[in-house]
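Below is one structure, written out as structure tokens, with a few remarks after it.
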Amino acid sequence: MAQSSFIIVAIDGGAASGKSSSSRTLSERFNLLHVDTGSYYRALTSELLRRGVAAADLPAVKTALAGLRLGTRVEGRSAQMEIDGRVAGDEIRSGEVNDHVSHFAAIPEMRAALLAYQRGQADVARIHGFRGLVMEGRDIGSVIFPQADFRFFLHADPAERARRRKNEGQQDSIVERDRLDSSRKASPLTVPAGATSIDTTFVTLDQVVEQMAGTIGLKLKS
Ligand code: DC
């Protein structure tokens with residue numbers, strides 16, 4: 001692969017598996033735009049809840065989604081979703097959003113509304129002069145960018161993941177969210193074909209990043 005070519009790194013995994021920390025560090029190491037697609041599902045969930053829309057009310061979900069104007073703001077190396085010109089704040093990590101996000105994310109229309117938008121983040125990265133894109137989520141290597149140059153799948157023991165969320169001060173039923181995310185019909189959480197699987201239970205963030213960066217760096221040089 002040529003040194004100057006644009007690269008796409010896909011990082012998938014369950015809640016609190018280490019995706020955000022590792023992808024943020026990789027974005028700095030390789031000058032990539034960091035896209036946290038979980039924050040996109042969270043921002044839309046938060047907005048729909050704010051409008052009083054329930055996940056079970058499909059016509060209301062569709063009408064509300066059709067009326068939203070989505071944009072992207074790049075802050076540092078991170079892409080943020082704008083909904084009607086506004087970037088959501090900490091409310092997307094609230095207990096209420098944690099409880100509802102998997103239900104909204106299981107709706108095919110919700111996923112369809114985000115498909116082209118997520119793929120378009122590669123253009124955002126190019127326009128802003130990044131060397132590539134590192135995108136984290138549940139279906140990045142399987143559905144959004146199945147042709148990604150690098151695909152990683154992170155997993156960790158549920159007790160360790162619960163401990164991480166608690167340390168972040170978050171109230172989150174990660175096992176239940178993983179169950180919903182893995183069992184839904186539309187783009188379930190799955191290990192993408194050809195992905196490198198990494199167990200992050202007993203290793204430090206640095207070790208995870210070193211393993212990923214080693215794989216990426218080696219290929220970039222060859
Ligand atoms: O990564 P996170 O825990 O912030 O993601 C929040 C929820 O969003 C997660 O429970 C499922 C959904 N999600 C998804 O369905 N597909 C993605 N690519 C990213 C997140």
Side-chain angles (χ1 to χ4, degrees), residues 8-24 26-27 33-49 55 61 65 70 72 78-81 83 87-122 133-146 148 151-156 158 160-192 195 200 208:
I8 296 184
V9 182
I11 303 185
D12 290 297
S17 56
K19 301 185 302 291
S20 288
S21 317
S22 53
S23 41
R24 229 175 286 133
L26 284 179
S27 75
L33 178 66
H34 172 223
V35 180
D36 170 7
T37 60
S39 77
Y40 294 170
Y41 281 93
R42 286 172 176 278
L44 285 183
T45 296
S46 178
E47 181 63 22
L48 293 177
L49 290 173
V61 170
L65 286 175
L70 303 185
T72 306
S78 165
Q80 311 286 336
M81 174 186 275
I83 301 179
V87 172
D90 290 345
E91 70 271 18
I92 68 167
R93 312 269 161 209
S94 69
E96 194 193 10
V97 171
N98 282 343
D99 287 346
H100 288 86
V101 65
S102 291
H103 297 283
F104 281 102
I107 302 171
E109 285 79 359
M110 176 102 163
R111 307 199 70 79
L114 277 176
L115 182 73
Y117 176 81
Q118 290 171 100
R119 289 188 177 150
Q121 303 287 282
L133 176 77
V134 54
M135 183 175 276
E136 53 162 306
R138 303 293 189 288
D139 59 347
I140 311 308
S142 56
V143 175
I144 308 301
F145 288 118
R151 273 154 292 172
F152 297 101
F153 185 86
L154 302 188
H155 58 102
E160 167 59 17
R161 293 190 289 134
R163 195 188 60 79
R164 290 175 190 168
R165 273 292 187 264
K166 213 167 156 210
N167 283 350
E168 290 166 3
Q170 276 201 55
Q171 177 207 330
D172 193 359
S173 313
I174 54 166
V175 173
E176 174 61 4
R177 245 176 356 107
D178 276 0
R179 190 187 65 73
L180 291 168
D181 295 339
S182 308
S183 60
R184 69 181 175 223
K185 286 204 179 75
S187 311
L189 169 64
T190 180
V191 185
T200 70
V208 174

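Just so you know, ligand 1 is whichever comes first in the structure, and atom 1 is the first atom listed for that ligand.
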Distance-only side-chain donor-acceptor flag, Glu136 / Thr37, under 3.5 Å: no
Nearest non-hydrogen protein atom to atom 12 (C) of ligand 1, with distance, is Ala105 CB, 3.7 Å
In this structure, atom 17 (C) of ligand 1 is nearest to the protein heavy atom Arg138 N, 3.4 Å
| message | Polar contacts were defined as any N/O atom of the residue lying under 3.5 Å from an N/O atom of the ligand; does this apply to Gln118 and ligand 1? | response | no
The protein heavy atom nearest to atom 19 (C) of ligand 1 is Thr37 OG1, 3.3 Å
shortest atom 4 (O) of ligand 1-to-protein heavy-atom contact is with Arg42 NE, 2.7 Å
Arg93 heavy atoms within 4.0 Å reach ligand 1 at atoms 4 (O)
In short, Leu33 meets Ala79 closest at the heavy-atom pair CD1-N, 3.9 Å
### Under 3.5 Å: N/O of Glu136 near N/O of ligand 1
no
Do Gln80 and Tyr40 have a side chain donor and acceptor closer than 3.5 Å?
no
Requested in this report: Go through the side-chain N and O atoms of Arg165 and Asn98 and say whether any donor and acceptor fall under 3.5 Å apart.
Outcome: no
message: Measuring from non-hydrogen atoms of Arg111 to any atom of ligand 1, is the shortest distance under 4.0 Å?
response: yes
The closest protein heavy-atom partner of atom 8 (O) of ligand 1 is Tyr41 CB, 3.5 Å
shortest atom 6 (C) of ligand 1-to-protein heavy-atom contact is with Arg177 NH1, 3.4 Å
Q | Check: Arg119 side chain, Ile144 main-chain N or O, donor-acceptor pair, under 3.5 Å | A | yes
- Verify whether one side chain among Arg164 and Ser21 offers a donor that lies under 3.5 Å from an acceptor in the other. no
Residues Arg177 and Asp99 bridged, charged N to O under 4.0 Å: no
Counting heavy atoms under 4.0 Å, the part of His100 that contacts ligand 1 is neither
For Ser102, the atoms of ligand 1 under 4.0 Å from one of its heavy atoms are 10 (O)
Does one side chain, of Tyr41 or Arg138, offer a donor that lies under 3.5 Å from an acceptor on the other?
no
